[in-house]
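Report on the structure given below.
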Amino acid sequence: MTFTNKAAGEMKERIAKLVGKRSAKELTVGTFHSFCVRSLRKHAEKAGLRSGFGICDSDDQLMAMKQALRDLQIPDTDLQPNVCVSQISLLKNRLITPRALRASGDKHDIRMSDVFERYNQGLRASGVLDFDDLLLYMVKLIEDPDILTAFRKQYRYLFVDEYQDTNGPQYEIVRQIGTKHQNVCVVGDDDQSIYGWRGADVSKILNFEKDFAKATVVRLEMNYRSTPEIIAGANAVIRNNRQRHDKALRSAAKSGEPINVQRLDDEESEALFVVEDIKQRQWESKCGYGQFAILFRTAVQPRLFEMRLRSEGIPYNLVGGMSFFDRKEVRDILSFLKLVANPADELSLLRVINTPPRGIGATSVERMLAVAMETRSSLPEVIRSGEAHTTIKPSVVNAGGRFLDTMDSLRASLEESDLVTFVKRLIRVVGYETELQRCYKDKATRAKRWEAVTEIMNMAEIHQRKSSDPSLQRFLEDVTLNSNEEDDKDVTDSHRLTMMTLHSAKGLEFGEVYIVGVEEGLIPHAKTIKEKDVDEERRLAYVGITRAERRLTLSCVKSRARRGQRAAVLPSRFIYEMRGKDTPQELIDRAELEFGDRPPEAKPAQKKKSGKKSPRKATRKKKIPKVPPSHTHQGRGLTGGSI
DNA sequence: GACTGGGCGCTTTTT
DNA sequence: GCGCCCAGTC
């Protein structure tokens, strides 16, 4: 079991190298999520699911949540849909049910529990599961003694990678299947726990010895990856975390370069510096660009680097960040496909019911949903029996019926042809190209939008050629579960530079690593400073630092544009920690001031006229002076120095 | 019911 | 700097 598809792929490769391809095939290797999907499909009716259940991604989740909030007549100024999505995800990952939540009696909890239930109902009505449900339904499935016995019989040895990231349901699955045989091997590092926000529970790894009494513990403190300089930096940072297994890595490598820290004027200079540095290093070392990685905290950061790399003609591979799958055209086409695969998928139906416009507007949809709720029927059923309902216009019923007919006949034609032909036919039948012409008068943007559509055809082609199961259902599954991985050809490509988030870098290694934007507010992220939960950010920095084999460069800037406004920023406290220095109190105070909920002391100097619009913004702007001199002129300090 | 323009709020990380 | 939502207009 792994946590990412990338890790699963690598694991498969290594196993094949060890035991040969043929034997490797007998092992089940995959993420928890894909393991659960497969199991749930196999035992669908026992799990209380239709075998054609769909999987909804984060965008669908958001739509479902908005709908749930509308149903409950909660204005989204009151509870933000995206906040609700993440809170409910967290609850699911902690195995907390709506009922249990309600039991606390807290007013907010009770309301949240309503939202929780409504949201679940919406998903169920659509016949879809969200990512968290995949795990939850699996836990429920193996409560059945017969099924559990079968699983225990089939999987007599379990191996879990990155065990510190295990959440409640995942732990439950491992425990249920593994307890009987006690053949459970896990690998993990509490210092690399960076998924607390999605319910990962470090206590699981700390308690492993209790759960599996016969366990042998092997400590791996010798590091064979990085130079002593890099390891020293990593240790220096991580020891500032109080709650952790006390340990310190030792490097087995020979001494190398000191860690390089650069402070640039702004993002632009940062990108320029990093790319120039990489260019030069690559030229000197004569190695491919594949040994370089640029790591960042947030998905918006890579933009400038991309532009720079492009103009320099340096091949790169961007992992994470803004996804191709977030594009409107892609989402539309996938919704059509999902609807074909699963007629009950209400979320997808709602998305495309009026795309291209066919005379079914928002009000009509609202009315039909209301009828569906009243009569406890589904949206398609309401449309089909439309004449009976006086509130809905006949024209809408007609148009809706025709749309459903189109989907039905597409579904009926599914068997006739291969996947690629089918996808092409669907795009033609729904008239998507015409729709693009209608929406985008500009030729260039239209071409770009169409490109995304053809990209789906390409993906279908690749799937058809490579997958053991070229069905539509499997295609959709792979797409929703793998939406971050492009194609494996890029990953192994040794002359491409890698750009990725710190999160997705875990488990990987690169000869030379650049961590960019190492500033207060970014690493540690503003939100975590606010919530006083900087430890996980420190672990994230630790993960980033330990990705580097030979050379590590950290960069930060003096000012950065945020929300379209430029503001002075400070170097991250982690840079001070890494140099073995105390973080200046001044910096901590300033970060508190800037990002924290309340100012540390009273607010004397600004009771005057604060523009009524957004007082928060106004105070903030006033309170951030230029970069404090004590940090800019630090002798051989941060500017261009090494440690 | 579709379209357009202005205002608003937001940007953490992933399966 | 962006996309989303809403209100107003055709």
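Residue numbers start from 1 in every chain, and the chains themselves are labelled A, B, ... in the order their sequence lines are given, proteins ahead of strands. Please read these numbers as outputs of a predicted model, since none were measured by experiment.
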TODO: Nearest-nucleotide wise, let me know which of A:Thr298 and A:Arg358 is further upstream toward the 5' end of DNA chain B.
DONE: A:Arg358
Task: Donor-acceptor pair, side chain of A:Gln176 and main chain of A:Ile173, under 3.5 angstrom - done: no
Could you list all N or O pairs between the protein and nucleotides 3-5 of chain B that sit under 3.5 Å apart?
unit_1	atom_1	unit_2	atom_2	d
B:dC3	OP1	A:Arg438	NH1	2.2
B:dC3	OP2	A:Arg438	NH1	3.2

Looking only at the side chain of [X] (C-beta and beyond, no hydrogens), which of the listed nucleotides [options] gets closest?
X	options	answer
A:Val396	B:dT11, B:dT15, B:dG1	B:dG1
A:Thr528	B:dT14, B:dT12, B:dT15	B:dT12
A:Arg198	B:dG1, B:dT12, B:dT15	B:dT15
A:Asn354	B:dT11, B:dA2, B:dT15	B:dA2

Below 4.0 angstrom from OP1 or OP2 of [N], is there any side-chain N or O of [X]?
X	N	value
A:Thr501	B:dT14	yes
A:Ser364	B:dG1	yes
A:Lys66	C:dC5	yes

Task: Geometric cation-pi criterion, A:Arg198 with A:Tyr195: 6.0 Å, 45° - done: yes
Open item on the list: Here's one to test your reading of the geometry: is the NZ or CZ of A:Arg41 within 45 degrees of the ring axis of A:Phe53 and under 6.0 Å from its centre?
Closed with: yes
[X]: which residues meet the salt bridge (charged side-chain N to carboxylate O under 4.0 Å, His left out) condition with it, sequence neighbours left out?
X	result
A:Asp60	A:Arg331, A:Lys338
A:Arg124	none
A:Asp266	none
A:Arg560	A:Glu270, A:Glu519

Looking for any heavy atom pair under 4.0 Å, which part of the strands does [X] touch: base, sugar-phosphate only, or nothing?
X	answer
A:Val37	nothing
A:Asn82	sugar-phosphate
A:Phe32	nothing

In whole Å, I'd like the distance from the [atom1] atom of [X] to the [atom2] atom of [N].
X	N	atom1	atom2	value
A:Lys92	B:dT14	NZ	C1'	16 Å
A:Leu295	B:dT14	CG	P	12 Å
A:Lys527	B:dT11	NZ	C1'	8 Å
A:Arg38	B:dT15	CZ	C1'	14 Å
A:Leu304	C:dG1	CG	P	10 Å
A:Met1	B:dT15	CE	C1'	14 Å
A:Ile353	B:dA2	CD1	P	11 Å
A:Arg560	B:dT11	CZ	C1'	13 Å

Task: No-hydrogen, no-angle side-chain donor-acceptor test under 3.5 Å, A:Tyr316 and A:Glu306 - done: yes
- [ ] Name every residue in residues 166-176 of chain A that has at least one heavy atom under 4.0 Å from any atom of DNA chain B, in order of residue number, or write none if there are no such residues.
- [x] none
TODO: Check whether any side-chain heavy atom of A:Met63 sits under 4.5 Å from a side-chain heavy atom of A:Arg351, and report yes or no.
DONE: yes
TODO: State whether the distance check finds a donor on one side and an acceptor on the other, under 3.5 Å, for side chain A:His503 versus base B:dT13.
DONE: yes
- [ ] Could you tell me if the ring centre of A:His43 sits under 6.0 Å from that of A:Phe151?
- [x] yes
Task: N-O pairing of A:Asp190 and A:Arg244 below 4.0 Å - done: no
- [ ] Measure from the ring centre of A:His33 to the centre of the six-membered ring in the base of B:dT15, then say whether that distance is under 5.5 Å and the planes meet at under 30°.
- [x] no
